[in-house]
Number of protein chains: 4
Amino acid sequence: MRAIGHLIWAIPEGYIPRESTGPSPEMLSHETACILNTGEDPADVEIYVFFSNREPAGPYHVQVPARRTRHLRFNDLDDPEPIPRGTDYASLLIANVPIVVQHTRLDSRQAANALISTIAFPS
Amino acid sequence: MRAIGHLIWAIPEGYIPRESTGPSPEMLSHETACILNTGEDPADVEIYVFFSNREPAGPYHVQVPARRTRHLRFNDLDDPEPIPRGTDYASLLIANVPIVVQHTRLDSRQAANALISTIAFPS
Amino acid sequence: MRAIGHLIWAIPEGYIPRESTGPSPEMLSHETACILNTGEDPADVEIYVFFSNREPAGPYHVQVPARRTRHLRFNDLDDPEPIPRGTDYASLLIANVPIVVQHTRLDSRQAANALISTIAFPS
Amino acid sequence: MRAIGHLIWAIPEGYIPRESTGPSPEMLSHETACILNTGEDPADVEIYVFFSNREPAGPYHVQVPARRTRHLRFNDLDDPEPIPRGTDYASLLIANVPIVVQHTRLDSRQAANALISTIAFPS
């Protein structure tokens with residue numbers, strides 16, 4: 001199957017709440033970049049994280065094998081540094097082959113979970 | 001009315017929770033691909049489902065008649081195989097005529113339902 | 001200010017729940033097409049509603065004045081016919097000048113309200 | 001890093017509820033425009049707010065420094081005038097350098113919070 005999508009994707013919204021309710025890890029508050037690589041070559045993805053009051057963090061390095069999806073939790077990124085909790089951020093993903101990116105957040109700060117999702121912005 | 005949309009659509013996010021609260025089928029946790037075929041010819045749609053650690057499943061075959069919409073629950077797909085619950089997946093829809101695809105998830109794992117929706121990525 | 005957007009917009013997802021909780025009209029379950037007309041001419045919008053098992057309904061006629069927004073509830077459409085409750089539908093909006101359309105649903109079937117929103121698909 | 005995005009962005013949906021539950025400011029009902037400026041020059045952004053029954057408000061002036069994100073709450077805009085609560089509105093953002101805009105609403109009118117988010121419409 002051929003590779004579908006774009007090389008560059010932006011997600012302006014980012015916020016990992018400090019608190020959660022419900023069992024971990026499924027109901028832990030998290031931000032996710034769902035990455036789809038439909039092509040025949042592995043995708044090497046660099047992620048840069050932007051803040052309101054300091055220089056960007058990264059690049060973080062992630063690989064998505066050929067014909068695979070990876071639902072990457074920003075909570076799990078820790079090299080070169082973890083994403084701070086309770087802090088506004090944004091992210092930019094740059095791949096070497098076309099991918100498709102969808103952004104999702106599960107927010108369990110209150111008793112019922114809340115979800116958001118949108119296809120990221122392709123450039 | 002003329003056919004509107006694209007032939008190829010990608011939805012990187014996919015996850016059917018194992019649990020639900022509330023009456024079935026309306027409040028059963030589900031993932032839906034809402035497909036709109038505004039044109040004068042029936043749309044034959046092939047769906048491929050991607051995973052993080054195995055080869056893609058499919059194609060699943062779905063038809064949307066001329067001037068009709070179909071809100072397809074991934075929960076209902078079972079030929080050639082059902083979509084596993086509690087597992088990250090992504091999907092790719094390939095049609096023979098232009099269609100428009102919107103992705104929606106109802107998540108009823110906790111007492112209050114949560115909803116997400118986004119226009120899928122057209123290619 | 002110049003007119004921004006497209007003439008044709010599609011929203012494949014549509015569903016007005018039969019039940020609501022909370023005070024009406026604010027917490028009544030509803031589907032909304034938020035229409036923005038940034039231009040200097042009024043926008044005449046025709047809306048067609050598609051179903052899974054019958055011919056489309058409409059056109060419904062809506063006007064959005066110059067430099068105005070209109071958050072149109074599908075619940076309120078009744079000419080030529082109301083939108084049936086508890087039924088899957090999709091919609092197509094066709095304007096005579098460029099507009100921008102965002103789709104939102106408030107779902108108050110359970111105790112806590114749920115919200116979805118996405119920019120519609122421009123053609 | 002180069003500037004990514006568009007100069008003009010539209011968000012047809014806008015509504016700041018009058019009521020909230022939960023601790024302020026985190027759980028205060030709010031509408032946010034998440035703005036990402038990946039480029040090497042600061043972004044000067046003009047915001048116009050549209051209503052259903054009066055002329056637009058603005059421009060509001062916002063700056064996003066180079067390589068920064070800013071998650072702007074419409075609740076906080078007050079020059080030239082605050083955004084009225086409980087009122088339908090829409091917004092248009094015009095920047096002097098490319099930016100990316102994502103729209104998010106936290107709605108805490110009922111006991112559990114609800115979230116929506118979508119990439120805004122680029123023009």
Side-chain angles (χ1 to χ4, degrees), chain A residues 6-22 29 31-33 46-59 83-94 101-123, chain D residues 1-6 9 11 13 20-23 25-40 43 45 62-73 93 95 98-122:
Chain A
H6 287 253
L7 300 183
I8 300 179
W9 293 85
I11 305 173
E13 200 276 340
Y15 184 84
I16 304 174
R18 290 179 198 277
E19 295 90 27
S20 299
T21 63
S29 287
E31 291 262 347
T32 304
E46 287 190 344
I47 302 174
Y48 294 86
V49 178
F50 294 78
F51 301 97
S52 63
N53 55 8
R54 51 157 282 197
E55 286 296 304
I83 309 291
R85 272 52 177 169
T87 302
D88 291 337
Y89 69 90
S91 55
L92 186 69
L93 295 85
I94 304 176
V101 177
Q102 184 173 352
H103 170 235
T104 300
R105 194 215 295 181
L106 170 72
D107 189 322
S108 59
R109 284 174 288 183
Q110 296 191 330
N113 56 347
L115 288 167
I116 61 176
S117 189
T118 183
I119 296 290
F121 175 76
S123 179
Chain D
M1 196 166 291
R2 69 180 177 84
I4 288 181
H6 288 253
W9 292 85
I11 305 172
E13 200 276 340
S20 298
T21 63
E26 192 166 82
M27 286 304 177
L28 185 72
S29 288
H30 59 264
E31 292 262 344
T32 303
C34 299
I35 305 171
L36 173 58
N37 176 12
T38 64
E40 298 302 320
V45 185
V62 172
Q63 197 178 71
V64 184
R67 300 180 304 279
R68 295 290 185 277
T69 188
R70 181 163 174 182
H71 293 191
L72 179 74
R73 290 191 180 200
L93 295 86
I99 58 174
V100 185
V101 177
Q102 184 172 353
H103 170 234
T104 300
R105 194 215 294 182
L106 171 72
D107 189 321
S108 58
R109 283 174 289 183
Q110 296 190 330
N113 54 346
L115 287 167
I116 61 176
S117 189
T118 184
I119 296 290
F121 175 76

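- Between the side chain of A:Arg85 and the backbone N or O of A:Ile83 there is at least one donor-acceptor pair closer than 3.5 Å.
- With chain D as partner, the option from A:Ala120, A:Ser52, A:Pro56, A:Ser91 having the largest number of non-hydrogen pairs under 4.5 angstrom is A:Ser52.
- Salt-bridge check for A:Glu55 with D:Arg68: passed, with a basic side-chain N closer than 4.0 Å to an acidic carboxylate O.
- No part of D:Arg70 comes within reach of chain A, as not one of its non-hydrogen atoms sits under 4.5 angstrom from that chain.
- For chain A, no part of D:Pro98 is nearby; none of its heavy atoms comes within less than 4.5 Å.
- Between the side chains of D:Glu31 and D:His103, at least one donor N or O sits under 3.5 Å from an acceptor N or O.
- Using a 4.5 Å cut-off between heavy atoms, D:Val64 makes no contact with chain A at all.
- Heavy atoms of A:Ile8 lying under 4.5 Å from chain D belong exclusively to its side chain.
- Under the 30°/60° scheme for interplanar angles, the aromatic rings of A:Tyr89 and A:Phe51 are found to be tilted.
- D:Thr104 touches chain A through its side chain: at least one heavy atom from C-beta onward sits under 4.5 Å away, while N, CA, C and O do not.
- Within the 3.5 Å criterion, the main-chain N or O of D:Ile99 finds a donor-acceptor partner in the side chain of D:Trp9.
- Interface remark: of the candidates D:Arg67, D:His6, D:His71, D:His71 forms the most heavy-atom pairs closer than 4.5 Å to chain A.
- Interatomic distance, OG1 of D:Thr69 versus CG of D:Asn37, reported as 9.0 Å (0.5 Å rounding).
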